[in-house]
Amino acid sequence: MGSEKTTSGGMVVYKRVKIPTTAYEYVRERSKARGMPMWQYILQSVNFYEASLRNVSVSDATKAQNASYYVIKATMAITEFVHKPKKDNYDKVVKILNQIKDRKKVDTTVLLQLIETYYNKRRKGLIRVMVQELIKLNIELMAKAQ
């Protein structure tokens, strides 16, 4: 698939494919965004799709990326909350931790309690414990992604 058929003069031979205008525009936009010719974008998309059908590791990578997304989302929200312990930042952290608890089925009770305690009494020692709980959360989410 990686090599194109060439004529004896060394030129690439192209074929036409009929696709709806909306699909053509979509492929054109995405290929421009990636900085590659349309045919390369289509070929890479098909290759990725085929790999995902036969190879479990692609879906595993997606699960790991999703788990990492939630950890980073929680870490950034907690960092913002620690630096600016306002009500809206508190609410954002609680919302994200509840999402993790509901969607990923990981217990975030201890971290929620630490956030609430820090909101009421700002002690530096709590920050260290929150970091430890975030590491634990990361390990649990990544273990579930396996």
Side-chain angles (χ1 to χ4, degrees), residues 1-5 12-146:
M1 277 198 161
S3 61
E4 300 82 24
K5 290 187 177 184
V12 177
V13 177
Y14 291 95
K15 295 282 189 174
R16 294 183 186 264
V17 177
K18 290 178 88 172
I19 61 172
T21 305
T22 53
Y24 174 84
E25 294 299 327
Y26 176 78
V27 170
R28 193 176 101 204
E29 286 176 23
R30 298 307 315 142
S31 65
K32 274 188 180 179
R34 299 260 186 237
M36 61 178 58
M38 289 173 61
W39 68 268
Q40 282 182 344
Y41 177 77
I42 292 169
L43 191 60
Q44 280 188 0
S45 299
V46 170
N47 285 339
F48 180 81
Y49 174 74
E50 291 293 329
S52 70
L53 290 178
R54 68 177 174 273
N55 190 352
V56 182
S57 67
V58 172
S59 63
D60 289 345
T62 305
K63 288 178 186 176
Q65 287 172 345
N66 185 266
S68 295
Y69 164 77
Y70 277 102
V71 171
I72 290 170
K73 186 177 176 181
T75 302
M76 291 176 71
I78 290 171
T79 302
E80 181 72 18
F81 169 70
V82 166
H83 290 291
K84 297 175 188 171
K86 299 178 186 175
K87 175 76 172 133
D88 58 328
N89 289 339
Y90 170 80
D91 292 339
K92 189 184 303 181
V93 170
V94 170
K95 179 183 172 186
I96 291 168
L97 292 176
N98 284 327
Q99 284 176 349
I100 292 171
K101 184 171 138 186
D102 297 338
R103 296 177 186 173
K104 298 297 177 186
K105 309 297 184 218
V106 173
D107 186 22
T108 58
T109 309
V110 174
L111 198 49
L112 283 165
Q113 289 171 347
L114 289 166
I115 296 296
E116 186 174 339
T117 304
Y118 188 80
Y119 185 62
N120 295 324
K121 301 175 186 176
R122 290 168 189 84
R123 294 188 179 149
K124 288 185 179 182
L126 290 173
I127 295 171
R128 279 187 233 108
V129 180
M130 279 189 267
V131 169
Q132 291 170 346
E133 283 299 314
L134 275 170
I135 292 169
K136 181 180 166 187
L137 179 69
N138 185 24
I139 293 168
E140 288 182 40
L141 281 171
M142 295 308 281
K144 284 192 176 261
Q146 301 284 321

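Computation of the quantities below employed the complete heavy-atom set of this structure, encompassing side-chain atoms and omitting hydrogens, waters and symmetry-equivalent molecules.
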Provide the closest heavy-atom pair for [X] versus [Y] in the form atom of the first, atom of the second, distance.
X    : Y    : answer
M130 : L111 : O-CD1, 3.9 Å
V93  : A77  : CG2-O, 3.3 Å
Y118 : V82  : OH-O, 3.6 Å
L141 : A67  : O-CB, 3.7 Å
K121 : L126 : O-CD1, 3.6 Å

What do you reckon, is CZ of R34 surrounded by more than 12 foreign heavy atoms closer than 6.0 Å? no

Take the angle between the ring planes of Y119 and Y90 and call it parallel below 30°, perpendicular above 60°, tilted in between.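 Parallel, since the angle between the ring planes stays under 30°.
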
Salt-bridge criterion met for [X] and [Y] (N-O under 4.0 Å):
X    : Y    : answer
E140 : K144 : no
E25  : R28  : yes
K92  : D88  : no

Rounded to the nearest 0.5 Å, how far apart are [atom1] of [X] and [atom2] of [Y]?
X    : Y    : atom1 : atom2 : value
Q113 : I115 : CD    : CD1   : 11.5 Å
L134 : I127 : CG    : CD1   : 12.0 Å
K104 : Q99  : NZ    : CD    : 11.0 Å
N138 : I135 : CG    : CD1   : 8.5 Å
E133 : T109 : CD    : OG1   : 10.0 Å

Can you tell me if T108 uses its side chain to pair, donor with acceptor, with the backbone of L97 under 3.5 Å? yes

Residues E80, M76; criterion side chain to side chain contact (heavy atoms under 4.5 Å, CB included); working and verdict: CA-CA 6 Å; E80 181 72 18; M76 291 176 71; over 6 Å; no

Would a 4.5 Å heavy-atom cut-off, applied to side chains only, mark V94 and L112 as touching? yes

With side chains defined as the heavy atoms from C-beta onward, is the minimum distance between T79 and H83 less than 4.5 Å?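 Yes, side chains in contact.
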
